[in-house]
Enquirer: 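Input: one structure, supplied below.
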Amino acid sequence: MGLSSEPHAEILRLTQQRDEDIDLAQAVLLLGRNAYPDLALEPYLAKLDAIAAVVRERLGNDLDPRRAVQEINRQLFEVEGFRGNEREYYDPRNSYLNEVLDRKLGIPITLSVVYMEVARRLPLPVLGVGLPGHFIVKVLTPTGDILLDPFHGGAELTEDDCQARLDRVYGGLVRLDRSMLLPVTKRQILVRILSNLKTILLNESEHDRALEVVGDLLVLEPSSLPDLRDRGLLHYRQNRFPEALSDLRKYLMLAHDAEDREQIRQAVRGIEAILSVIR
């Protein structure tokens with residue numbers, strides 16, 4: 001089951017700071033400690049430092065944001081060879097920053113983290129933008145924001161391009177709203193990475209690993225009722241009946257309007273029956 005509660009504790013300590021003070025790369029790397037118990041963070045932070053150092057040397061005293069974007073794109077996507085893993089999009093490794101930095105493959109959100117962290121080291125202000133179904137970045141400049149898509153080689157995007165990406169995911173059912181282009185917090189980035197990973201692991205019936213991910217999610221968002229429910233159901237699947245009963249009873253107490261209340265109520269009755277026999 002990994003490192004028991006140690007990774008949860010590290011993530012909690014790191015994310016109890018003000019959002020702007022969170023070291024995003026370090027936090028995202030920590031999310032991998034359950035899957036990679038011996039993961040050393042420093043070599044991966046050093047990789048980001050080295051990429052940024054090359055870009056910074058090329059830029060010299062040129063502080064033009066567009067020139068910085070060109071050089072980041074050149075280094076990340078042409079020299080280093082980072083690219084979106086379209087062939088194996090749902091490979092769990094795409095969600096772990098250590099794997100992304102080793103394999104040069106990722107999904108939109110993890111490649112965006114790489115982009116943001118290289119930019120931060122220049123420094124160039126780049127924030128994450130959580131479009132529904134697709135993650136991009138926004139470069140803040142004195143003359144206006146620049147939207148970029150790290151999954152597609154750092155391509156610059158217009159709002160029409162963003163709508164086209166929504167159309168690919170949702171078949172024209174979701175219209176772009178300006179609020180979708182607002183930057184997200186670092187904590188929201190961590191939650192989104194973990195939520196993606198939870199979905200992938202549950203679809204692959206990797207229940208032990210999914211339970212560890214849900215544990216991290218509840219560290220970041222203790223009030224998340226769907227994650228509370230999922231943890232209870234995963235405990236149930238592992239025959240950890242007291243933990244399952246505690247989580248699912250709490251879910252029923254708090255999720256008054258949930259559509260799955262009857263299903264969860266039946267699960268609680270089943271667990272209570274099992275525990276009455278065991279006792």
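One is the number of the first residue; the rest follow in order along the sequence.
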Enquirer: Are Glu80 and Lys47 within salt-bridge range, i.e. N to O under 4.0 Å?
Expert: no

Enquirer: Could you check whether Asp19 pairs with Arg187 (Lys NZ or Arg NE/NH1/NH2 to Asp/Glu carboxylate O, under 4.0 Å)?
Expert: no

Enquirer: With no hydrogens and no angle check, do the side chains of Glu243 and Ser246 hold a donor and an acceptor under 3.5 Å apart?
Expert: no

Enquirer: For Arg265, does the CZ atom have more than 12 heavy-atom neighbours from other residues, nucleotides or ligands under 6.0 Å away?
Expert: yes

Enquirer: Does a donor on one side chain sit under 3.5 Å from an acceptor on the other, for Tyr36 and Glu99?
Expert: yes

Enquirer: Filter on ring-ring contact (aromatic ring centres under 6.0 Å, His included), then keep only pairs touching residues 164-217, sequence neighbours left out; what's left?
Expert: none

Enquirer: Name the residue from Leu124, Thr110, Val69 that meets the side-chain contact (heavy atoms from CB on, under 4.5 Å) definition with Tyr115.
Expert: Val69

Enquirer: For atom CZ of Arg261, is the number of surrounding heavy atoms from other residues, nucleotides or ligands below 6.0 Å larger than 12?
Expert: yes

Enquirer: Could you list the residues that satisfy ring pair (Phe, Tyr, Trp, His ring centres under 6.0 Å) with Phe135, not counting sequence neighbours?
Expert: none

Enquirer: Considering only heavy atoms from C-beta outward, does the side chain of Ile200 approach that of Glu206 to under 4.5 Å?
Expert: no

Enquirer: If you apply the rule side-chain contact (heavy atoms from CB on, under 4.5 Å), what do you find for Ile107 with Asp91, and how did you get there?
Expert: CA-CA 9 Å; Ile107 51 176; Asp91 186 328; over 6 Å; no

Enquirer: So, Tyr44 versus Asp102: side-chain donor-acceptor pair below 3.5 Å or not?
Expert: yes

Enquirer: For Glu272, is there an ion pair with Arg269 - N to carboxylate O distance below 4.0 angstrom?
Expert: no

Enquirer: Is a side-chain donor-acceptor pair under 3.5 Å present for Asp208 with Gln238?
Expert: yes

Enquirer: In terms of heavy-atom contacts, does CD of Glu20 have more than 12 from other residues, nucleotides or ligands at under 6.0 Å?
Expert: yes

Enquirer: Run the salt-bridge test on Glu71 and Arg74 with the 4.0 Å N-O cut-off and return the result as yes or no.
Expert: yes

Enquirer: Less than 4.0 angstrom from a charged side-chain N to a carboxylate O is my criterion; do Arg178 and Glu159 meet it?
Expert: yes

Enquirer: Using a strict threshold of under 4.0 Å (side-chain N to carboxylate O), is an ion pair present between Arg33 and Asp38?
Expert: no

Enquirer: So, Lys250 and Asp247, do they make that salt bridge, N to O below 4.0 Å?
Expert: no

Enquirer: Could you pull out every donor-acceptor pair under 3.5 Å between side chains of residues 83-90 and any protein atom, sequence neighbours left out?
Expert:
from  : atom 1 : to    : atom 2 : distance (Å)
Asn85 : OD1    : Glu88 : N      : 3.0
Asn85 : ND2    : Glu88 : O      : 3.4
Asn85 : ND2    : Asn94 : OD1    : 3.1

